[in-house]
Structures are given as structure tokens and as C-alpha cells.
Chemist: 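Could you have a look at this structure, given as C-alpha cells, before my questions?
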Amino acid sequence: MPHKIGFVIVSSSGHEDGFSARELMIHAPTISGWRSPRFCQFPQEIVLQMVERCRIRKLQLLAHQYMISSKIEFYISESLPEYFVPYQAERFRRLGYISLCDNEKTGCKARELKSVYVDAVGQFLKLIFHQNHINKYNIYNQVALVAINIIGDPADISDESNISSREKLIDLYLGHHTEDPALDGTYTGKQDYISPLDDLAFDMYQDPEVAQIIRKLDERKREAVQKERYDFAKKLKQAIADLQKVGERLGRYEVEKRCAVEKEDYDLAKEKKQQMEQYRTKVYQQLELHDLMDSELTRRPFDLPLQPLVHPGSPHHRKPVPSLPQQEERPTEKRLAEPFLQEKPSSHSQMHSPQRAGVAQLLPAPDPHPKAESLPYDERPLPAIRKQQGRTDEESEMHNTDVSDAQRGGALGEPEPLTEKALREASSAIDVLGETLVAGAYSKTWSYREDALLALYKRLMEMPIGTPKEDLKNMLHASVFLIRRAARDIVTSVFQAALKLLKMIITQYIPKHKLGKLEATHCVERTIPILLTRTGDSSARLRIIASNFIQEMALFKEIKSLQIIPAYLVQPLKANSSTHLALSQVDLLARLLRDLGTGGSGFTVDNVMKFSVSALEHRVFEVRETAVRIILDMYKQHRTFILEYFPPDDNNTRKNVLYKTIFEGFAKIDGKPTDAEIRAQKKAATEEVEKQKRAEIQVLQGQLAALKEIHAEAQEKESDAMKAKNQDTQERKTAPPNAPEIPNNHYLDNLCIFCGERSDSFTEEGLDLHYWKHCLMLTRCDRCRQVVEISSLTEHLLTECDKKDEFGKCYRCSEAILKEELPRHIKTKDCNPAKSEKLANRCPLCHENFTPGEEAWKAHLMGPAGCTMNLRKTHLLHRAQTLQPGKGSAVIKSGTSGSKVGSKIPTPKAGLNKTSNRTYTKR
């Protein structure tokens, strides 16, 4: 029956920090999966190795919600000889590809689960990711994969099953009726049936511990069905259905707890943790009440696949990593750890093993004497769980009949024996400390590892004075060896025990036995690289513990004079280092620099400034910010020496925000105003000047109002004088004829100087209205709406008008023509040719030539036989007109002309000049 196939990641083309391809080896609700580097080159690829050569039936991929590859290709390869690199490109066979949705319909909020049914045999699977779909969230053009699941059969088993099926078919065809498998208790139904528990959707929404329990109960259910214990099978079926809801709920709590930790809402995280524990305990008690729960189900194994089987001579060979311990606070909690090498099980053992080759259950067939190192997790029930269950050692042995002697010894309180590899690796420490203590330090149970370190602490404290120096040094070197191993431990209590032991050795053991600086140097140089690495741990608690201990150790009087730790802290930051590691290093440097200074401490102006200037280019903002703080602290102490490490302070340099911040910090330290302060001062000065201007304007406005009042009074007096003068004129008209005439010098009043019309309504406003609407000698320009003389209209359009650029002069008729119509006008030759000014005048309205001279303009524009295109004449046809020729002038007499209007008429701007005595003259 096809089932989940375990795998390990062999290689990947790259990944973003914190999103390694190794994340794909674990299926859980909190897994983030793999992400490609930012702005990476495509295609990206991942190569994974399955635990054995198998026939793949189904592939499942869970895509990211917005980092989506447009296409994913699949390649498969068989097992190759040892001298071949197992994932050489030319050894892979292409299976095909799938296309992923761009997720726009869901707003990039849902993940796509893609299932592909295949039938291919191999051991190495390669995935090639092509260019990503573009969306507003994927600003770095990345692709990602949250999880991948492989379902299939071991290839050898599948082949044997096919052969067996073919043989049975031949026997049936020949009439050899064999026993019906349905009558056998081993009948399990369809061979191609895939359990829902192997589906990717199951693991991605289930709590890992509950998922393991569900799988165990499912195995028991199948066994019960085979034994025809149907009531018990029904009970297990209902328990599985209930546990699936429990697992989904616990998975949701775990995700909420993780989000609260990322937001640093530790109260909510603690509340979620307690809620999970209470709910989990309640459910487990109910299972125990129905006899469905035992110690085998309650342990939490490391759900880890196998390490790739790589030939030792190949460039990809790695030494096996020892198994990692459980977590401190909750010993049964599953932790992501480095997988270890395990021997590949044979096909025979896989066929007869009661456990499937899944991600968490890649075990060979039961062995009467199994080795502890062959198991991917500790088979013994943990101490805390044994206390809760209250079982005796004899009961534990009865329920775990397949546990080895070494493991049963561990259940009685002793660590499991050392493996051959551990014996070789720790041989020197075993010679000094004994195999029992070293076995505890190497144990897979965290409590044994902690107990071993505490026992070593007690032994070193009790070492008597006068012990030979050689024995003391050997004891110290062996202890440092175990400290280095424990310093990598993920359990907090084990890590703290290692730090406690190291502190005691440096501050008490070495001074007590007078071992000297050489041994102290050995302790620091062997442990400080590991401790610095732990400052970049994913656990915030471990990072803080490691950073505080390094700072404390650097201040030990035995270590301070050695000047070792500062030399490590001023090493340049690596480009591929994690964010936590880089931030911890610069933070440690800043703290120790304040404590130690730069005088005989290992810190110098040169090495600190070189490190800080290089840190200004780091990709993480917090690292750059801390580097700026270090530089400003150094400037307070050394001033001008610091300026040598920076470019000159000018506008180009200040375009860089960091340099601008640094130079402003320098100015503030020197007591000089910063750019911001200078801008504020200039702004305040500008506002003060504007305030003074506004005050002056208000004064001037008051004065202007007073002048307007004075002017109004003067106008009133002038109007009174005009009324008196008009009254005198009327009196002179009514005087007897023989009365002597009074000379009048105001003969130009009430007279239009262009057309010669006189009217009493021709006051200043009346004349403006006359010029604007009625004067036959004037017209308004259609372009700029100014009043001009008709005789100078052509010149106005060509030289004075606001739209003069739109006109051109015709060389034939000499008139102003629109430039866009000028070519057609010249080409048609329809215009009347103009004559020189001495021979004739040219009318711009009717385009006709007439008699030259000024008086001829009046006869042409105002006379009844003159211009027919003067539109203002049409308004005067209803009035009787009489033309009386005079000497040198033509005067039009009319009745009442002009009209009073309520608004002021604009004064003509062109062709007219207004003089102080209220007369208008032609230019």
C-alpha cells in the first residue's frame, strides 16, 4: 500500500536566512518552508533524496500564498554507483511540470495545495522552480515552497508484489484455484489505497504529537480488524476522529503562540502555552480512561528523516551529527534538529516491518538486540511521563518488549551505552573522566546530560590542592571537551550547566591550582567561537544567556588581561551571517567597549573603527544603527582621529543618510548647531521678517484708506465746481443777444477726436463707452479685445497684438493673414493687390484701395458710399445723418448719442492715448 516516504535535502541553489530547504523535511503547522534568496537568478532548484529506492505514486506541494513560481519541473534519478555524484544533472530523467495559479482571485491570502499522480522509480528527486508570478507583495521576486510530500512504495516491494500478482493471475488463468485472499485475515483491501493520514493536509494542520498518536491508533485499528476485534476497532475509529479535531485545535494554538512570540506579547504566549497544556492533559486523561493511551504513545519522537546516503569520498560527504536532546521546559516537545545517519533498511525488513517507512517511522525490522544509535529517537518513556503514568519498571518492560537491554538499563536511571563513533570521539575524555560520566554527557535524554555536567562540576570543586599538574591539566582539557559539546545543546538547562562549569573552571579551578594563563587561554579559545555562534540562535532566551555570559567572561580578571574576546568581536561581519548573529556581535562590541575602553583591552581605535565603518554597509537596519552609536561613542573620546575614517563632510557625502546622521552627531558633540537646528533658525528668522512685512502692509493699507477718503472729498468738490460752471454756461446762453461773449477755452470738451462727433454725454465715462462701442473710426481686435483704429488694424495684428505670432503678412495685399491660412491665401491669388501709401489707402475690413490721406479714411469709414464692412455703421442706420464737409475735417452730427451704463467701461489699451486734460489724440 502506498505510504509517506521520508526524504532529506541533498542540495539547494540557495535560500533566504531562516528559510532553509531543510525546513521541507518537517511537516507541522508552524513550519515556514523554503524561500529562495532575494532577487535570485532563475531557475532555482532543490534536490532531495528518499530513504530508499522507491516507486513514487503521488507528489504533493503546498505553495506559498504570494511567493509563487510560475512553473515547477520534476526530475528523478535512480541510485548510482558510489563513484558518481548522486545528483549529477545528466543522470536525471524529466517527469514533467506543473503550473501554479497566480493567486490573484484570493488576494494572495490562500495557499495552493497541488497533488500530482505519477509512476516513477528512483531515489533522487529534483525540483526546478521557474520565474515567480508578479504581485505587489512579492517585492523581492522570490519563490517559496511551504511543504512537499512524497507518497509511494519501496521499489523492491512493489516489484515483488507485481510479480506475485502476475503469478496469481497465471495460476487463475490455468485453472489452479488458490485460496481466496479475502478468506485470509491479512486481506487489507485495495493495493493502491492511500491513507488520509499520509496526506500533506493532515500533517500541516495537526499538532505533531497528536498526529503521531493518531497514526499509532490507526495501526492498532488495522490490527484489530485483522483479528476481528470490531468493537475495539470501532472504539479506535471514534477516538481517531475526535483526536483529529483535537490536533487541529492544538495546531491552531501553536500558531497563535508563535505569532505572539514574534510580536513579543509574552503574556499572550504564556496564556496559549498553558491553554495547550491544560487541553492536552485533559484529552490524554480521557484516552487513558478508555485504555487507549500508554507510554509508547505519549512520548514525542524526533520526527526527522534520514541523512542522505553519500559516499565518504564524494565532495558532499559530511560527518554524522549526533542526536539532539529534547527541550528543557517540556521534555516531550519535538524540536527541529540535525538528522543523523542511519543504515539503510533492506527490502525484506521493510516488507515484514509492522511500521511504515514514513517521515517519523523509518526503522528496520525488529531486532532481538537493537542498537540505541539505530533509532531516530529515544525509545524509553521520559521520566516526567513515567511519574504521571505511575507505572513500575516491570510494567514498562511488559509494554516495551522490543526495547534492548541498554534501553531497559536507561529506564532504570542509567544513560544508554556509547556508540562506537562516540567512543572514538571521546576516547581522551573517557580515559580521564570515566565512561559513565561521558555516556551521560552523550545521552539522548537531556536530564542525563545535565546531571553529567553537574557531577563534573562537583568533581572539579572537590579536587584537592597538591594534585599533580599533569592530572589537573588533563581534567581541565577533558572538561572543556564536554563543555564544547554541551555549549551546542538546544536545551536551556544543559546549556546553562555548561556555562556554570566553564565559569567555575576559569574563576576558581585555575586560580586554586595555579595553572596559569596558558590553560585559561585554552578554555577561552576553545569555547568562545561556539558561544559567539549561540548568540545568533533562533531562541531569544539562549541568545541573551550567551551574550551576557560572554560579556561577563570578558570582564573576569583572569581573562581581561589576555585580550582574547575583543579580537573575536572586531572580526568583520560575514555577508551570509544571520541577522541575530550580526546584531548580537555589534551589541556585544558596544557593551564591552563601554566597559573596557580602548586602552590595553584588546580594542584599539583602528580595529573598532574599521569594524564599525564596514558594519554601516550591513543589510540589517539595527546593525547599522548600533554601528553609528559605537562611532559616536568613539568620537567622544578620540575626536579628530575618528574623522580620518570618513570621507570629507560635504553635500555629496551628506546625501548618504548614515553619514549625515554621523556628521550631525559629531556637530552635536562639538557643541555646533546641526543642519536641522540651522534650518530651524533660518525658518524662525524668515517668519520674523514675514511678520514685520505684514505689519508694514497693514500700516500702508491704513494710509491708503485715508488717501482714498481725501481723494473722494476732492472729487466731490470738483463735481460741485463743474455744476457751477455748467450753470454759468446756461446763463450765458439765456443772456440777451447784445450781451458781450465770454471767451471759452474748453472747445475740445465733449468731442470725439477720431470721428468728430460732439455730445453732452461725452464725459470721461461717456467717451470710453463711445470708443468701446460706437465710434466708426475704431474697432475691437478679435484676438486681444483691445480697441484700435481701423487704419492701423493691420499693423496692430502684426506687431502689437498678444497673438501676433499667429499672423503673417501677405506680400501681395500687405494684410495680416493667419499663418495656417497664409499658404492657401497666397496660392489662390484671390486677394486684391495693394498700392503704396502715397497712391492709395488700404482698408483691412473691405480689402479695397481708396484715396490716400487722413480725411479719406473718414469718408471711407463713415460716409454712406464708403466701406460696407464697417459693422458699427449698421447700428446708426436708424438715425438721420447729415454730412457737412468742412475745411480739413468731416463732422457727423447726430441726436443724442451715447448711453449711460451702470458699470465702468475699460479704457482702450491700444491705438489711443489718454491725456491729463481728458482729450484723446491719435498716435
Side-chain angles (χ1 to χ4, degrees), residues 2-15 20-27 31 33-36 42-63 69 71-81 84-100 113-130 143-159 194 198-200 203-204 304-311 314 316 339 342 344-345 350 356-360 362:
H3 53 264
K4 180 179 288 191
I5 302 296
F7 63 87
V8 292
I9 301 300
V10 176
S11 70
S12 66
S13 54
H15 62 86
S20 171
R22 298 180 68 85
E23 294 283 329
L24 299 175
M25 294 156 51
I26 305 298
H27 295 164
I31 292 300
W34 167 81
R35 289 185 187 177
S36 68
F42 289 99
Q44 293 281 305
E45 70 174 42
I46 295 176
V47 179
L48 51 89
Q49 176 185 358
M50 290 164 281
V51 293
E52 59 182 335
R53 182 174 175 269
C54 64
R55 180 181 296 276
I56 301 176
R57 302 292 189 181
K58 184 178 180 181
L59 291 173
Q60 290 183 300
L61 284 83
L62 184 59
S69 175
K71 183 173 73 172
I72 302 178
E73 293 185 81
F74 299 93
Y75 292 80
I76 196 168
S77 175
E78 296 278 355
S79 298
L80 301 178
F84 284 115
V85 177
Y87 47 90
Q88 283 179 333
E90 59 270 14
R91 298 288 172 177
F92 282 89
R93 177 171 59 87
R94 188 175 187 270
L95 297 178
Y97 73 93
I98 61 171
S99 298
L100 297 176
L113 178 60
K114 203 81 169 181
S115 297
V116 185
Y117 290 89
V118 296
D119 188 4
V121 178
Q123 189 171 0
F124 298 92
L125 184 66
K126 178 165 69 173
L127 283 70
I128 295 181
F129 298 81
H130 291 267
V143 294
L145 187 64
V146 179
I148 180 173
N149 189 31
I150 303 175
I151 297 176
D153 297 308
D156 298 334
I157 296 178
S158 178
D159 295 341
I194 298 176
D198 289 335
D199 194 271
L200 183 60
D203 282 318
M204 295 306 293
L304 294 177
L306 299 180
Q307 192 77 318
L309 303 177
V310 182
H311 187 263
S314 69
H316 299 276
Q342 179 179 332
K344 178 180 176 180
Q350 284 289 345
R356 298 174 305 179
V359 173
L362 299 169

Chemist: Side chain of Lys114, backbone of Ser99: donor and acceptor closer than 3.5 Å?
Modeler: yes
Chemist: Do Arg57 and Asp119 have side chains that approach each other closer than 4.5 Å (heavy atoms only, starting at C-beta)?
Modeler: yes
Chemist: Measuring only between side-chain heavy atoms, which start at C-beta, is Phe42 closer than 4.5 Å to His130?
Modeler: no
Chemist: So among Asn149, Leu145, Ile31, Leu48, which one has a side chain to side chain contact (heavy atoms under 4.5 Å, CB included) with Leu24?
Modeler: Leu145
Chemist: Just how far is it from atom CG of Leu127 to atom CD1 of Ile72, taken to the nearest 0.5 Å?
Modeler: 6.5 Å
Chemist: Minimum heavy-atom separation for Leu95 to Leu125, with atom names?
Modeler: CD1-CD1, 4.5 Å
Chemist: Taking all non-hydrogen atoms of both residues into account, name the closest pair between Arg35 and Ala144 and its distance.
Modeler: CG-CB, 3.7 Å
Chemist: Indicate yes or no: at least one non-hydrogen side-chain atom of Pro43 is less than 4.5 angstrom from one of Phe129.
Modeler: no
Chemist: Decide yes or no for Phe74 and Leu61: does some side-chain heavy atom of the first lie under 4.5 Å from some side-chain heavy atom of the second?
Modeler: yes
Chemist: Within this structure, what is the CD1-CZ distance for the pair Ile151 and Arg55, rounded to the nearest 0.5 Å?
Modeler: 16.0 Å
Chemist: Could you measure the distance from the CD atom of Gln123 to the CD1 atom of Ile56? Nearest 0.5 Å is fine.
Modeler: 10.5 Å
Chemist: Leu62 vs Leu200, test: side chain to side chain contact (heavy atoms under 4.5 Å, CB included). Steps then yes/no.
Modeler: CA-CA 8 Å; Leu62 184 59; Leu200 183 60; 3.9 Å; yes
Chemist: Could you tell me if Ser13 and Gln44 have a donor-acceptor pair between their side chains, going purely by distance under 3.5 Å?
Modeler: yes
Chemist: If you compare all heavy atoms of Cys54 against all heavy atoms of Ile5, which two are closest, and at what distance to 0.1 Å?
Modeler: SG-CG2, 4.1 Å
Chemist: In plain terms, say whether Asp199 and Lys58 are close enough for a salt bridge, that is, a side-chain N and a carboxylate O under 4.0 Å apart.
Modeler: yes
Chemist: Do the side chains of Ile148 and Phe7 get nearer than 4.5 Å, heavy atoms only?
Modeler: yes
Chemist: Can you find a pair of side-chain heavy atoms, one from Glu78 and one from Phe92, that are under 4.5 Å apart?
Modeler: no
Chemist: Looking only at non-hydrogen atoms, find the nearest pair between Ser12 and Ile46 and report the distance.
Modeler: CB-CG1, 4.1 Å
Chemist: What pair of heavy atoms forms the shortest contact from Ser69 to Leu100, and how long is it?
Modeler: O-CB, 3.4 Å
Chemist: Counting distance only, does the side-chain N/O of Ser36 pair as donor-acceptor with the main-chain N or O of Val143 below 3.5 Å?
Modeler: yes
Chemist: For Gly122 and Met50, which heavy atoms make the closest approach, and how far apart are they?
Modeler: O-CE, 3.6 Å
Chemist: Determine whether Phe124 and Gln49 make a side-chain contact, defined as any pair of heavy atoms from C-beta on separated by less than 4.5 Å.
Modeler: yes
